[in-house]
Enquirer: 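Before I ask anything, let me first share the structure, which is written out below as structure tokens.
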Amino acid sequence: MIPRYLINPAYSTKIYPYSDCIMIGSGIAGLSTAIRLSKHDIKVITKSSPSTSTTWYAQGGIAAAVKKPDWWKKHFEDTIVAGQGLSDKKAVEILVKNAPSMIEKLIEIGTKFDIAEGEISLTTEGGHSHARVLHAGGDATGEEIEKKLVSFTKGLKQVDFNPDYFVLDILTFKNKCLGVIGLDLKNDSIEIHPSSNVLIATGGIGQLYELSTNPSISTGDGIAMAHRAGADIMDIEFVQFHPTVFRTNDDKLFLISEALRGEGAYLRDCRGNRFMVGKHPQEELAPRDIVVKEMIKTMDKSKCNFVYLDATHISKSHLKIRFPNIISKLKENGLDLKKDLIKVSPAEHYLSGGIRTDYNGRTSIERLYSCGETSATGAHGANRLASNSLMEGLVYGWKIYQDIETKLRSPSKDTVREILSDINKIIEEGKNIVKDNKIAAGTRIDIKTLISSLRSIMSSEVGILRDRSGLDEAKGFIDFHIGNQNLYNRKDKDILEFANMLAVADLIIKAATIREESRGTHLRSDFPDKDDKNWKKHIIIKKDKISFKRVE
């Protein structure tokens, strides 16, 4: 049996003073919301350093229709097309309509976007019909935005940063959020942080796979804790793989931005032939799911585990301005972007689903919010349009701010007393299970081997191509390990992360098994066609209950 909490709240040794709002995560979603709410008592909790987030790794840029003849309706149409029939139209409209004003807010806090001929420079990426992707530092957009957000937030007196702190679970009572329980990684202390507003913005799930562009902290913690608390999880079968990832000489992965193809680079098979010509009107700039699908076909046909990315026909001066980081990384590996064909292959990149929210970022648990890659607003559908992710964090963070701000204008002392009282009830309930107040050491676990095995089976059976037999095999692995009680009530970060990874993997496998069709980033070799009649709908998982929401 899977326990409600990774670590029983009865083991907590400290309860902090009440906070108006807690942000779990320090990427664009968490920090932009913290900035907006900074006149209140805000706590930002992050598992690593404040700047270690998926936002930092976003090379390509951020999408917004900021220059005519482009406008929000064209951005809307491109997003809908990329979503393969599952995008929530209202969610998309909220995203793209508010995108230009979000750019203005980033500029106000000092973000320096690249300029060409006196105007903000724009490029095109996969699935976009216009050049609408803004970039900074050439190919360091996420880094520039994250630096400015961290710097600005640290200057706000009301925002309390808590780095190296692992949030374990959301505390709930009668479907109301009470705050969080966490493990201070600096001193192994289990502590409770009360709050009537909690935002989960913990990023992606990339560490479930052998090859991923995500940072090492992306273990799906936010989705796992929301699921244990009873929140709705939606569209989690749609795992997006980025087409162009380069393997370095020391066997690490380096993302090569889609913006390089936006500037004219080609994809070639291992014999040197362009393979996207004739496969899609936008050729190399087709939506990512289509490009990855054609890459897999091409690699299988040619018996190669890579394709080539070719930028040799682009001027050297232009490459130097736009892609300094990519040029530097390739140079470290003995390659010249202007002269050499670059071997690339797909790697896990982005989860289009997650914790289901409404248009204000509210989850199905009262006072609990989710934003960014951890959330499922419905805007991405079955496949995220390139460079919509950073913007989604900004726009829906703003919607969350508006919702929370309305409540905080007239705070209730009764609410705080009620929260503290309910937390004490949870602790007392936990004591009925705990024999004493000390956590037992537990059986020794070879956690590195277990994590490696999970990543291996997720990559082979729940990766780009799936079928029922492979999904069943992966499910068998999950079922064997997920109920192991030695994974819980342990002050061991790696073991607790593995428990979260198992929970998220289980959700992905369940949804991928149920969806008997191929749509967007979900490709079933045993159900190769899209089936609008039966499957133009969202799969929603809550605990062990499965429900569906039809998309009109």
Enquirer: Mind checking ring pair (Phe, Tyr, Trp, His ring centres under 6.0 Å) for Tyr401 and listing every partner two or more places apart, or none if nothing turns up?
Expert: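 Ring pair (Phe, Tyr, Trp, His ring centres under 6.0 Å) check on Tyr401 returns nothing, list empty.
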
Enquirer: Will you find, in the side chains of Ser195 and Asn197, an N or O donor that is under 3.5 Å from an N or O acceptor?
Expert: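 Side chains of Ser195 and Asn197: no pair found under 3.5 Å.
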
Enquirer: Less than 3.5 Å apart, any donor N or O on the side chain of Thr172 or Arg4 sitting next to an acceptor on the other?
Expert: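 Present: a donor and an acceptor within the cut-off.
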
Enquirer: Do Asp41 and Tyr18 have a side chain donor and acceptor closer than 3.5 Å?
Expert: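 The answer is no; no qualifying pair exists.
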
Enquirer: Please work out whether the ring planes of Tyr16 and His193 are parallel, tilted or perpendicular, with thresholds of 30° and 60°.
Expert: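 Judged by the thresholds at 30° and 60°, the geometry between Tyr16 and His193 is parallel.
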
Enquirer: Could you check whether Ser370 and Thr357, counting side-chain N and O atoms only, form a donor-acceptor pair closer than 3.5 Å?
Expert: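 No pair is found: no donor N or O on one side chain lies under 3.5 Å from an acceptor on the other.
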
Enquirer: Tell me whether Asp289 is salt-bridged to Lys293, with the criterion being a basic N under 4.0 Å from an acidic carboxylate O.
Expert: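 Looking at Lys293 together with Asp289, the answer is no, because their closest N to O distance does not fall below 4.0 Å.
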
Enquirer: Considering the options Thr33, Leu31, Asn162, which one meets the side-chain contact (heavy atoms from CB on, under 4.5 Å) requirement together with Val44?
Expert: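 That would be Leu31.
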
Enquirer: Identify which one of Ile24, Leu168, Asn500, Val180 satisfies the side-chain contact (heavy atoms from CB on, under 4.5 Å) criterion when paired with Met225.
Expert: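 The passing option is Ile24.
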
Enquirer: Can you tell me if Lys493 has over 12 outside heavy atoms packed within less than 6.0 Å of its NZ?
Expert: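 Buried by this count: over 12 neighbours within 6.0 Å.
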
Enquirer: Answer yes if the side chains of Arg247 and Asn333 hold a donor-acceptor pair under 3.5 Å, and no otherwise.
Expert: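 Arg247 vs Asn333: no donor-acceptor pair found between side chains.
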
Enquirer: May I ask you to decide whether Asp403 forms a salt bridge with Lys399, counting only side-chain N to carboxylate O separations under 4.0 Å?
Expert: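 Salt bridge: no.
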
Enquirer: Could you check if a side-chain atom of Asp446 sits within less than 4.5 angstrom of a side-chain atom of Lys448, using non-hydrogen atoms only?
Expert: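 Yes, close enough: below the 4.5 Å cut-off.
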
Enquirer: Kindly check if the number of other-residue, nucleotide or ligand heavy atoms within 6.0 Å of CZ (Arg444) is above 12?
Expert: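 No, CZ of Arg444 has 12 or fewer neighbouring heavy atoms, counting only those of other groups under 6.0 Å.
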
Enquirer: Before we go on, tell me: are the rings of Phe238 and His380 under 6.0 Å apart, centre to centre?
Expert: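 That pair fails the under 6.0 Å test.
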
Enquirer: Do Lys475 and Asp506 sit within salt-bridge range, that is, some charged N less than 4.0 Å from a carboxylate O?
Expert: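 Salt bridge flag = yes for Asp506 with Lys475.
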
Enquirer: Under 4.0 Å between a Lys/Arg side-chain N and an Asp/Glu carboxylate O for Lys425 and Glu428?
Expert: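 Between Glu428 and Lys425 there is no salt bridge, as every charged N stays at least 4.0 Å from the carboxylate O atoms.
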
Enquirer: Would you call Glu237 and Arg466 a salt bridge, taking side-chain N to carboxylate O under 4.0 Å as the test?
Expert: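 The answer is no: the pair does not qualify as a salt bridge.
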
Enquirer: Going by an N to O cut-off under 4.0 Å, is there a salt bridge joining Asp544 and Lys510?
Expert: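 Answer for the salt bridge query: yes.
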
Enquirer: Please determine if Lys297 and Asp300 form a salt bridge, counting it only when a charged side-chain N lies under 4.0 Å from a carboxylate O.
Expert: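 A salt bridge is absent here (no side-chain N lies under 4.0 Å from a carboxylate O).
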
Enquirer: Sub-3.5 Å donor-acceptor pair from the side chain of Arg455 to the main-chain atoms of Gln207, do we have one?
Expert: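 At least one qualifying donor-acceptor pair exists.
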
Enquirer: Between Asn214 (side chain only) and Gly206 (backbone N and O only), is there a donor and an acceptor less than 3.5 Å apart?
Expert: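 Confirmed, Asn214 side chain pairs with Gly206 backbone.
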
Enquirer: Between Lys47 and Glu497, does at least one N-O distance fall below 4.0 Å, as a salt bridge requires?
Expert: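 Yes.
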
Enquirer: I'd like to know if Glu143 pairs up with Lys147 as an ion pair, taking the criterion as any Lys NZ or Arg NE/NH1/NH2 lying under 4.0 Å from an Asp or Glu carboxylate oxygen.
Expert: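 Looking at Glu143 and Lys147, the cut-off is met.
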
Enquirer: Could you give all pairs that pass the ring pair (Phe, Tyr, Trp, His ring centres under 6.0 Å) test and reach residues 498-517, with sequence neighbours left out?
Expert: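 Qualifying pairs, neighbours excluded: none.
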
Enquirer: Would you mind reporting whether Leu523 and Val292 have side-chain heavy atoms less than 4.5 Å apart?
Expert: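 No - every pair of side-chain heavy atoms lies 4.5 Å or more apart.
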
